[in-house]
Amino acid sequence: MTRAGTARARVRAELTREITEIARRQLATEGAAGLSLRAVAREMGMVSSAIYRYFPSRDDLLTALIIDGYNAVGEAVERADEQARGRPYGERWLAVCRAVREWALAHPHEYALLYGSPVPGYKAPQDTVSAAMRDTVVFARIVTEAYEAGALEPAGPCPPLPDELRADLERTRGHVRMDVPDEVAARALTAWAGLFGTVSFELFGQFDNAIDNRAPYFDHAMTLLGRMVGLTI
């Protein structure tokens with residue numbers, strides 16, 4: 001690339017970063033449905049037609065924010081698991097759960113974009129999938145390594161797995177590289193969904209006037225979910 005081309009690329013990258021930062025602030029004040037390219041351009045002092053050279057539509061900007069958000073959650077979870085390496089598998093599970101909660105509390109509007117109500121008229125493209133799977137792959141790795149090491153405790157009383165779910169679980173295991181029996185995969189999927197349900201309840205106010213001591217409750221809930229999978233904490 002020529003020197004002029006490199007300079008243009010740097011300017012474009014900086015303007016793209018500024019656009020997404022302003023868009024994140026808009027999420028906090030207007031919500032995802034109110035995100036407006038024209039409003040972003042106005043705040044930047046840019047003519048509205050110019051911003052379309054960076055993001056052709058509002059949906060393109062939403063997609064960029066979603067990918068950034070998923071990558072940020074993924075990085076937080078990967079970092080937590082890396083720091084917990086060598087500790088018991090249940091402690092690694094608790095560490096990654098805490099990482100999700102901490103990120104959500106620090107970035108509530110971005111969390112709402114990822115895991116809250118769908119944005120009317122927006123359909124996430126395939127581009128978002130790999131970023132969205134980063135955190136799930138970490139949890140799948142913890143469960144798989146625990147299973148391969150013989151460290152999963154026997155499950156307590158569980159209902160029989162419906163045969164109709166086995167094809168779904170096989171597909172899910174393939175997506176996240178989880179090499180465990182169907183019954184373990186089903187419990188792991190339920191625990192992972194329970195993590196995000198608990199975080200969402202806290203973030204969106206369902207625990208108001210009910211649970212004041214949120215961090216101890218969260219750790220207790222994640223311990224229960226981990227034990228359902230077979231991870232001892």
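Since the structure is predicted, the reported quantities are computational estimates derived from the model, not experimental observations.
Considering only heavy atoms from C-beta on, Asp219 stays 4.5 Å or farther from Ile233 through its side chain. Under the 4.5 Å side-chain criterion, counting only non-hydrogen atoms from C-beta, Arg101 is not in contact with Met222. Side-chain contact check for Ser200 versus Tyr111: some heavy-atom pair is nearer than 4.5 Å. A heavy-atom distance below 4.5 Å is not found between the side chains of Arg187 and Val143. With a 4.5 Å cut-off on side-chain heavy atoms, Tyr54 and Arg12 count as touching. Inter-residue side-chain proximity for Asp68 and Arg24 is flagged as met; some heavy-atom pair is nearer than 4.5 Å. No side-chain heavy atom of Leu35 sits under 4.5 Å from any side-chain heavy atom of Val119. Considering only heavy atoms from C-beta on, Leu165 stays 4.5 Å or farther from Asp182 through its side chain.
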Original post:
Could you go step by step and tell me if Glu14 and Arg17 meet the salt bridge (charged side-chain N to carboxylate O under 4.0 Å, His left out) rule?
Top reply: CA-CA 5 Å; Glu14 177 58 28; Arg17 184 199 63 77; 2.5 Å; yes
Does the side-chain contact (heavy atoms from CB on, under 4.5 Å) test come out yes or no for Val96 and Val100, once each step is laid out? CA-CA 6 Å; Val96 301; Val100 171; 5.9 Å; no
| query | Between Thr20 and Phe55, is a side-chain contact (heavy atoms from CB on, under 4.5 Å) present by the stated rule, with each step listed? | reply | CA-CA 10 Å; Thr20 55; Phe55 295 98; 3.9 Å; yes
Check your understanding: Do Val73 and His107 pass the side-chain contact (heavy atoms from CB on, under 4.5 Å) test, and can you show the C-alpha distance, the side-chain angles, and the key distance before you say yes or no?
Key -> CA-CA 10 Å; Val73 177; His107 306 88; over 6 Å; no
Checklist entry - Could you walk me through whether Leu62 and Leu113 pass the side-chain contact (heavy atoms from CB on, under 4.5 Å) check? => result CA-CA 9 Å; Leu62 272 175; Leu113 175 63; 3.8 Å; yes
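In this structure, Glu78 does not pair ionically with Arg141, as no charged nitrogen and carboxylate oxygen lie closer than 4.0 Å. A salt bridge links Glu183 with Arg166; the closest basic N to acidic carboxylate O contact falls under 4.0 Å. Using a cutoff of 4.0 Å between basic side-chain nitrogens and carboxylate oxygens, Asp208 and Arg214 are scored as salt-bridged. Ionic pairing of Glu82 and Arg79 is not present here: no N-O contact between side-chain nitrogen and carboxylate oxygen is shorter than 4.0 angstrom.
The line from CZ of Arg25 to NE2 of His109 is 12.5 Å long, rounded to the nearest 0.5 Å. Distance check: Leu27 CG to Glu110 CD gives 7.0 Å after rounding to the nearest 0.5 Å. How far CZ of Arg10 is from CG of Leu15: 13.0 Å, rounded to the nearest 0.5 Å. Here NE2 of His220 is found 12.5 Å from CG of Leu94. Values are rounded to the nearest 0.5 Å. Between atom CD1 of residue Ile22 and atom CG of residue Leu37 there is a gap of 11.5 Å, rounded to the nearest 0.5 Å. To the nearest 0.5 angstrom, Glu21 atom CD is 9.5 Å from Leu65 atom CG.
Here the closest heavy-atom approach between residue Met178 and residue Ala140 is recorded as CE-CA, 3.5 Å. Here the shortest heavy-atom pairing between Ala80 and Ala95 reads CB-O, 3.7 Å. Counting all heavy atoms, side chain and backbone alike, Leu114 lies closest to Gly69 at CD1-C, 3.6 Å. In plain terms, the two heavy atoms of Gly194 and Leu225 that are nearest each other are C-CD1, 3.7 Å.
Every residue meeting the ring-ring contact (aromatic ring centres under 6.0 Å, His included) condition with Phe139, not counting sequence neighbours, appears here in chain and number order: Trp93, Trp192. Every ring-ring contact (aromatic ring centres under 6.0 Å, His included) that Phe207 has, sequence neighbours left out, goes to Phe201, Tyr217.
In this structure, Tyr70 places its OH atom where more than 12 heavy-atom neighbours from other residues, nucleotides or ligands lie under 6.0 Å away.
Cluster annotation: Tyr52 is connected to Met44 through the hydrophobic network of ILVMFWY side chains, with a link wherever side-chain heavy atoms come within less than 4.5 Å. Residue Phe196 is grouped with residue Val77 when hydrophobic side chains (ILVMFWY) are merged at heavy-atom distances under 4.5 angstrom, including chains of intermediate members. The hydrophobic cluster containing Val137 also contains Leu231, counting ILVMFWY residues as joined when their side-chain heavy atoms lie under 4.5 angstrom apart, directly or transitively. Linking Ile, Leu, Val, Met, Phe, Trp and Tyr residues whenever their side-chain heavy atoms come within less than 4.5 Å leaves Ile211 and Val199 in two separate clusters. Using a 4.5 Å cut-off between side-chain heavy atoms of Ile, Leu, Val, Met, Phe, Trp and Tyr, with links allowed through other members, Ile67 and Val40 fall into different hydrophobic clusters.
Here the side chain of Arg38 pairs no donor or acceptor atom with the backbone of Ser48 at under 3.5 angstrom.
No side-chain donor from either of Asp60 and Thr63 sits under 3.5 Å from a side-chain acceptor of the other.
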